[in-house]
Amino acid sequence: MSKGITSREQNYSQWYNDIVKRAGLADHSAVRGCMVIKPHGYAVWENMKNQLDAMFKETGHVNAYFPLFIPKSFLSREAEHVEGFAKECAVVTHHRLMNDPNGKGVVVDPEAKLEEELVVRPTSETIIWNTYKDWIQSYRDLPLLINQWANVVRWEMRTRPFLRTAEFLWQEGHTAHSSKNEAVEEAEKMHEVYARFAEDYMAMPVIKGVKTANERFAGALETYTIEAMMQDKKALQAGTSHFLGQNFAKAFDVTFLNENNKEELVWATSWGVSTRLVGALIMTHSDDQGLVLPPKLAPIQVSIVPIPKPAEEIDKVAYQLEDELKKAGYSVFYDRDDKKRPGFKFAEHELKGIPVRLAIGKRDLANKVVEVARRDTGEKQSVPLDQVVAKVSELMVDIQNSLFNKAVKFREDNTHYADSWEEFEKIIKNEGGFVYAHWDGTTETELAIKDRTKATIRCIPLDRKEEKGKCVFSGKPSEGRVIFAKAY
RNA sequence: CGGGAUGUAGCUCAGUCCGGUAGAGUACUCGUCUGGGGGGCGAGUGGUCGCAGGUUCAAAUCCUGUCAUCCCGACCA
């Protein structure tokens with residue numbers, strides 16, 4: 001076990017916290033439930049963000065920015081929406097402080113009470129649809145394909161770095177369409193974008209599905225989700241895309257004139273992923289030595305360590321390699337710190353999840369080789385100097401693929417089928433993981449199962465095969481299996 | 001929001017029961033010997049003991065309040 005990191009076996013939660021802290025991803029802050037995202041953690045998020053942003057642009061979206069504050073009355077316009085978020089809203093009631101008359105710091109000035117209180121956005125549907133009302137008159141104004149990168153606040157009872165914090169960073173796409181079909185297609189398209197991002201960039205396999213009515217976003221008609229399995233076999237919802245129907249158009253009176261000069265309500269979608277993805281990334285790949293990052297998202301892809309310390313002849317080779325690797329498109333860090341010893345640097349680079357490490361010592365120079373080590377397997381080999389760049393390129397692809405394959409295998413190894421209640425309960429209790437089981441389609445059954453086992457329906461998989469069966473709990477007829485799991 | 005635990009040096013913690021000059025390891029700084037997986041020796045820097053009240057000649061220690069964090073539950077991206 002690495003210094004200062006609890007093993008996963010010993011205490012999974014503590015392991016996660018140790019990784020976040022020791023790898024320099026985030027710190028706790030002075031504010032309850034909020035974290036400070038440190039440079040290394042933010043760099044990972046930035047890489048995610050840049051890639052996602054490019055994918056949104058490719059699919060025709062543009063960025064905009066809407067206010068942090070939402071008039072309280074807006075939130076109540078859509079009944080289900082307010083019900084979903086009311087319990088976790090931060091509210092601004094005043095706009096001024098004053099010196100404490102008792103001479104102790106400052107207090108809220110009671111004179112400065114707001115006419116209408118403002119809610120710090122937990123999500124932006126309401127303020128955005130209030131705005132869209134002014135932007136949309138004709139079918140020619142549609143579709144409206146807008147995304148925003150923002151922070152939101154949800155006053156959570158219990159928080160964990162990245163996975164659930166009171167304030168978090170995310171993107172929220174909000175689109176408006178002239179037809180139901182087009183809106184559904186949009187929601188499905190972005191669902192697919194999320195799945196592709198998760199698998200191709202995060203190397204995190206996901207199951208695409210739709211949420212049950214009970215788990216659906218407040219105000220949505222359909223919620224598409226990507227669900228991933230973490231190393232403790234619990235499910236994590238990694239991204240959602242919602243078909244909102246005409247609910248928000250109705251609530252905010254957003255209509256357009258169609259080709260036939262008839263007034264119609266606009267169709268809507270919204271979709272988002274958050275800094276929670278950083279937590280997902282950690283829990284998918286990392287080990288007891290520290291963070292493991294897929295090369296495509298690693299802020300530093302290659303580190304170079306001089307053995308035993310920087311020296312002229314080592315520098316020469318190291319700088320040249322650094323240069324060549326940078327030209328090949330990789331981010332490189334030559335660790336010239338002469339206060340730290342090689343072993344320390346090895347441990348530190350592993351802790352931070354740098355995918356490939358090169359070590360260069362005098363013995364290597366004499367043989368014209370470099371020691372190349374990969375983070376995911378710990379495997380080391382000597383590579384002739386003139387083949388290092390090619391080797392690194394090969395490893396980048398190989399590590400990316402092998403992380404994905406390993407995660408797929410883990411998920412498969414921990415996926416079960418249950419056909420009786422006894423079996424179901426036993427698997428959830430003893431094995432964990434995903435359980436494919438028949439469900440009668442009622443919220444009542446879903447809640448009863450949750451109550452007894454803590455497992456929820458993560459999704460109804462899109463690719464599930466039609467299979468008549470009996471509900472694992474009620475015995476009533478079922479059209480196909482859904483995925484149950486304990487979830488974050 | 002319920003149950004449990006914890007706040008003392010940058011970090012990990014002792015000291016608190018039984019009040020009496022603020023401790024250790026680690027990190028950091030300097031020197032030195034080292035150097036292919038988290039070095040050794042020597043010297044040094046660093047703390048209004050989470051915060052606010054109270055009791056007392058005297059509070060890290062006792063009392064009250066408050067804030068924060070962690071673990072377990074309920075809720076949730």
Side-chain angles (χ1 to χ4, degrees), chain A residues 1-6 11-14 16-18 20-22 24 27-35 83-89 102 104-105 122-123 152-172 194 211 214-218 223 225-228 235-242 270-280 289-290 305-311 314 338-351 357-367 369-371 373 378 380 382 450-451 454 456 458 486-488:
Chain A
M1 189 185 79
S2 186
K3 267 192 196 170
I5 298 180
T6 309
N11 184 340
Y12 190 84
S13 298
Q14 194 54 47
Y16 177 81
N17 290 335
D18 289 347
V20 168
K21 195 155 184 59
R22 296 292 313 283
D27 265 346
H28 290 294
S29 72
V31 184
R32 173 192 167 83
C34 295
M35 63 174 171
E83 201 188 315
F85 288 105
K87 284 173 289 184
E88 48 188 29
C89 285
N102 300 322
K104 297 206 177 123
T123 178
V152 286
V153 169
R154 295 180 189 173
W155 215 260
E156 300 289 350
M157 291 304 168
R158 193 171 155 198
T159 58
R160 302 191 64 191
F162 294 109
L163 296 175
R164 178 167 302 107
T165 46
E167 179 191 11
F168 55 94
L169 306 182
W170 78 344
Q171 59 68 217
E172 43 182 327
Y194 288 155
K211 288 293 189 186
N214 180 52
E215 297 271 336
R216 214 174 270 156
F217 176 76
T223 288
T225 179
I226 53 173
E227 297 283 327
L236 185 105
Q237 177 177 307
T240 48
S241 177
H242 314 289
S270 69
W271 27 275
V273 294
S274 72
T275 36
R276 173 176 248 206
L277 288 181
V278 177
Q289 266 62 251
V305 177
I307 311 282
K309 64 179 178 183
I314 295 175
D338 63 357
K339 287 284 190 280
K340 290 175 183 142
R341 306 159 72 81
F344 186 91
K345 291 176 185 176
F346 289 175
E348 189 153 273
H349 297 179
E350 281 161 11
L351 194 54
R357 181 187 68 234
L358 310 179
I360 310 173
K362 288 176 188 168
R363 287 210 304 261
D364 301 304
L365 290 180
N367 298 323
V369 296
V370 168
E371 183 191 84
K380 290 193 260 195
S382 279
K450 182 182 177 185
D451 192 46
K454 308 259 191 295
T456 51
R458 300 323 303 154
K486 288 185 192 168
Y488 275 94

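A note on names: the letters A, B, ... follow the listed sequences, proteins ahead of strands, and every chain is numbered from 1.
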task: Please name the pair of heavy atoms, one in A/Thr165 and one in A/Glu156, separated by the smallest distance, quoted to 0.1 Å.
output: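 Heavy-atom minimum between the residues: O-CG, 4.3 Å.
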Within the structure shown, what part of the strands sits under 4.0 Å from [X] by heavy-atom distance: base, sugar-phosphate, or nothing?
X	value
A/Glu350	base
A/Lys87	nothing
A/Thr225	nothing
A/Gln237	sugar-phosphate

Distance check needed: [N] [atom2] versus [X] [atom1], whole Å only.
X	N	atom1	atom2	result
A/Ile314	B/G36	CD1	P	12 Å
A/Asp27	B/C70	CG	C1'	15 Å
A/Ile360	B/G36	CD1	C1'	13 Å
A/Asp18	B/C71	CG	C1'	13 Å
A/Glu88	B/A74	CD	P	17 Å
A/Asn11	B/C72	CG	P	7 Å
A/Leu163	B/C75	CG	P	18 Å
A/Arg22	B/A27	CZ	P	12 Å

ask   = Is there a donor on the side chain of A/Glu371 or the base of B/G37 sitting less than 3.5 Å from an acceptor on the other?
value =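 There is none.
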Pick out the pairs of N or O atoms, protein on one side and nucleotides 32-35 of chain B on the other, that lie under 3.5 Å.
residue: B/U34; atom: O2; partner: A/Arg341; partner atom: NH1; Å: 2.9
residue: B/G35; atom: O6; partner: A/Lys309; partner atom: NZ; Å: 2.7
residue: B/G35; atom: N1; partner: A/Lys309; partner atom: NZ; Å: 3.1

Q: For A/Phe85, check ring-ring contact (aromatic ring centres under 6.0 Å, His included) against everything at least two apart and list the hits.
A: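 Applying ring-ring contact (aromatic ring centres under 6.0 Å, His included) to A/Phe85 gives A/His81, A/Phe217.
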By side-chain hydrogen bond (donor to acceptor under 3.5 Å, both in side chains) - contacts of A/Lys87 (at least two apart):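 So A/Lys87 forms no side-chain hydrogen bond (donor to acceptor under 3.5 Å, both in side chains) with any residue.
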Atom pairs, protein N/O to nucleotides 1-4 of chain B N/O, distance under 3.5 Å:
none

- prompt: With sequence neighbours excluded, what pairs up with A/Gln237 under the side chain to side chain contact (heavy atoms under 4.5 Å, CB included) test?
  reply: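 Listed in chain order: A/Lys211, A/Thr225, A/Glu227, A/Thr240, A/Arg276, A/Arg458.
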**Prompt:** By side chain to side chain contact (heavy atoms under 4.5 Å, CB included), which residues pair with A/Ala166, not counting sequence neighbours?
**Reply:**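 Only A/Cys34 meet the side chain to side chain contact (heavy atoms under 4.5 Å, CB included) criterion with A/Ala166.
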Of the options [options], whose atoms approach the side-chain atoms of [X] most closely?
X	options	answer
A/Lys380	B/C75, B/G36, B/G37	B/G37
A/Gln14	B/C70, B/G37, B/G36	B/C70
A/Lys339	B/G37, B/C30, B/G38	B/C30
A/Phe344	B/G37, B/G73, B/G38	B/G38
A/Ala347	B/G38, B/C75, B/G73	B/G38
A/Phe346	B/G37, B/C30, B/C70	B/G37

### Message
Using OP1 and OP2 only, check whether a side-chain N or O of A/Asn17 sits under 4.0 Å from B/C71.
### Response
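Yes.
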> Is A/Ser13 near enough to B/C72 that one of its side-chain N or O atoms lies under 4.0 angstrom from OP1 or OP2?
Replying inline: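 Yes, within the criterion.
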If you assign each of A/Thr275 and A/Arg160 to its closest nucleotide in RNA chain B, which residue comes earlier from the 5' end?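 Of the two residues, A/Arg160 wins.
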